[in-house]
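Counting convention: from 1, in listed order, for ligands and their atoms alike.
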Amino acid sequence: MNASILVTGGAGFIGSAYVRTLLGPEGPSGLTGGAGAVTVLDNLTYAGSLTRLEAVRGHPDFTFVHGSVCDADLVGTLVAGHQQIVHFAAESHVDRSIEDGSGFTRTNVLGTQTLLDAALRHGVRTFLQVSTDEVYGSIPHGAATEESPLRPNSPYAASKAAADLIALAHHRTHGLDVRVTRCSNNFGPHQHPEKVIPRFLAALLSGESVPVYGDGLQVRDWLHIEDHVRGLELVRTAGRPGEIYNIGGGTSLTNLELTRRLLTLCGADPGRIAHVTDRKGHDRRYAVDHTKISAELGYRPGADFETSLADTARWYRHNRSWWQPLLAAR
Ligand code: NAD
């Protein structure tokens with residue numbers, strides 16, 4: 001059934017890919033758009049960019065609203081006109097949260113609370129809270145299931161864990177249909193060059209070295225953005241209220257292995273790796289078990305990692321005019 005959907009943070013990396021998919025025809029196979037009216041609420045921080053939404057700006061079902069999820073009056077007005085909320089808006093960069101966590105608590109925690117209050121007041125049908133595997137913290141072995149304890153280590157991860165718990169409490173206390181997704185590290189085109197893959201690609205394409213934190217043996221699971229979008233749509237359309245769904249990509253690599261692949265894709269030699277002081281509180285290993293979403297909703301990560309990493313590298317090679325100003329503005 002079509003629904004009017006309020007997408008917060010829809011000018012960001014993942015939110016914009018989601019909106020482009022909802023409004024098709026760019027979407028990955030199996031998703032053909034036609035979701036109904038889609039409104040993006042985004043206050044266009046340094047991480048937000050309308051260029052990511054160019055493909056849909058003329059679409060009759062698309063509306064963009066410039067504003068913050070912390071603005072209760074604006075949020076109330078918007079939520080009153082929508083049946084569903086897909087909540088991406090967040091401060092999302094761990095390193096920034098280590099420098100100053102206050103904006104993370106404001107946007108990620110209080111912004112979520114503001115949306116939930118409005119969702120309750122206006123009888124929103126479904127609230128999809130887009131979260132992260134970082135809430136589980138470092139996993140020495142095995143993989144985190146949805147039942148695993150929350151052990152967030154960075155201020156960013158702690159703010160997301162807080163938001164998840166507040167959202168789920170609104171399900172238990174008020175019966176609001178809240179669904180939470182927790183995904184692993186995303187990659188793909190249009191990602192801000194502060195995040196590791198685009199940051200390293202930008203450095204390598206600019207003839208610079210790449211700063212690898214510590215020994216580079218931290219392990220991450222990589223999820224192509226199209227697989228993430230597909231997982232989110234499965235949860236929005238067929239997930240169960242009050243449930244958490246992990247969304248993994250199925251490719252685990254150390255940061256050093258990832259860096260070597262990026263060097264190869266850019267024709268650069270290993271001498272371009274510069275080991276730098278490790279990030280404070282750096283989680284050693286993330287791993288999510290996505291058995292639940294696979295068994296219940298038929299999710300399978302479809303992207304071949306090597307191919308999609310090569311496609312991503314090609315995109316950054318051919319779209320310097322997109323990322324160079326973002327790097328310069330940092
Ligand atoms: P992003 O930083 O690219 O985009 C965030 C968007 O939110 C930006 O457009 C920004 O302008 C907007 N925003 C920030 N504060 C706002 C506010 N107060 N009001 C309205 N809009 C605001 O982030 P992303 O990588 O697209 O991540 C989206 C969501 O997915 C986040 O909630 C993040 O925690 C989660 N997530 C991301 C990853 C990843 O690998 N990128 C992994 C797991 C989870």
How are the rings of [X] and [Y] set relative to one another: parallel (under 30°), tilted (30 to 60°) or perpendicular (over 60°)?
X: Tyr316; Y: Trp323; value: tilted
X: Phe88; Y: Tyr18; value: tilted
X: His190; Y: Trp315; value: tilted

What protein heavy atom is closest to [atom], reported as residue, atom name and distance in Å?
atom: atom 32 (O) of ligand 1; answer: Lys160 NZ, 2.6 Å
atom: atom 19 (N) of ligand 1; answer: Val69 N, 3.0 Å
atom: atom 23 (O) of ligand 1; answer: Ser92 OG, 3.3 Å
atom: atom 41 (N) of ligand 1; answer: Ile14 CD1, 3.6 Å
atom: atom 40 (O) of ligand 1; answer: Asn186 N, 2.8 Å
atom: atom 11 (O) of ligand 1; answer: Asp42 OD1, 2.6 Å
atom: atom 28 (C) of ligand 1; answer: Phe88 O, 3.6 Å
atom: atom 16 (C) of ligand 1; answer: Asn43 OD1, 3.1 Å

May I ask you to list the atoms of ligand 1 that are less than 4.0 angstrom from any heavy atom of [X]?
X: Thr45; value: 10 (C), 11 (O), 14 (C), 15 (N)
X: Asn185; value: 40 (O)
X: Thr132; value: 43 (C), 44 (C)
X: Leu44; value: 11 (O)
X: Gly67; value: 19 (N), 20 (C)
X: Gly48; value: 8 (C), 9 (O), 11 (O)

Please tabulate, for the side chains in residues 65-80, all donor-acceptor contacts under 3.5 angstrom to protein atoms that are two or more places apart in sequence or on a different chain.
from, atom 1, to, atom 2, distance (Å)
His66, NE2, Asn43, O, 3.2
Ser68, OG, Cys70, N, 2.9
Asp71, OD1, Asp73, N, 3.3
Asp71, OD1, Leu74, N, 3.1
Thr77, OG1, Asp73, O, 3.0

My understanding is that only one of Asp227, Thr251, Asp221 makes a side-chain hydrogen bond (donor to acceptor under 3.5 Å, both in side chains) with Ser184; could you say which? Asp221
Result of checking His282, Lys195, Arg279 against Val94 for side chain to side chain contact (heavy atoms under 4.5 Å, CB included): Arg279
Give the single entry among [options] that approaches [atom] most closely by any heavy atom.
atom: atom 14 (C) of ligand 1; options: Ala90, Gly111, Ala11; result: Ala90
atom: atom 44 (C) of ligand 1; options: Gly12, Ser131, Cys70, Ala89; result: Ser131
atom: atom 36 (N) of ligand 1; options: Phe187, Tyr18, Tyr156; result: Tyr156

Is Ile139 linked to Tyr156 within one hydrophobic cluster, defined over Ile, Leu, Val, Met, Phe, Trp and Tyr using a side-chain heavy-atom separation of less than 4.5 Å? no
Check each heavy atom of [X] against ligand 1 and say whether those closer than 4.0 Å belong to the side chain, the backbone, both or neither.
X: Val130; value: both
X: Ser184; value: backbone
X: Glu134; value: neither

Cation-pi geometry met for Arg272 and Phe200 (6.0 Å, 45°): no
His170 side chain reached by Leu120 side chain, heavy atoms, under 4.5 Å: yes
Is a donor from one side chain sitting under 3.5 angstrom from an acceptor on the other, for Ser159 and Asn108? yes
Would you say the side-chain atoms of Lys280 and Ser154 include a donor-acceptor pair closer than 3.5 Å? no
Who pairs with His290 by ring pair (Phe, Tyr, Trp, His ring centres under 6.0 Å), at least two apart in sequence or on another chain? Tyr299
Are any of the heavy atoms in Cys183 under 4.0 Å away from ligand 1? yes
Would a line drawn from the ring center of His275 to the ring center of Tyr213 be shorter than 6.0 Å? no
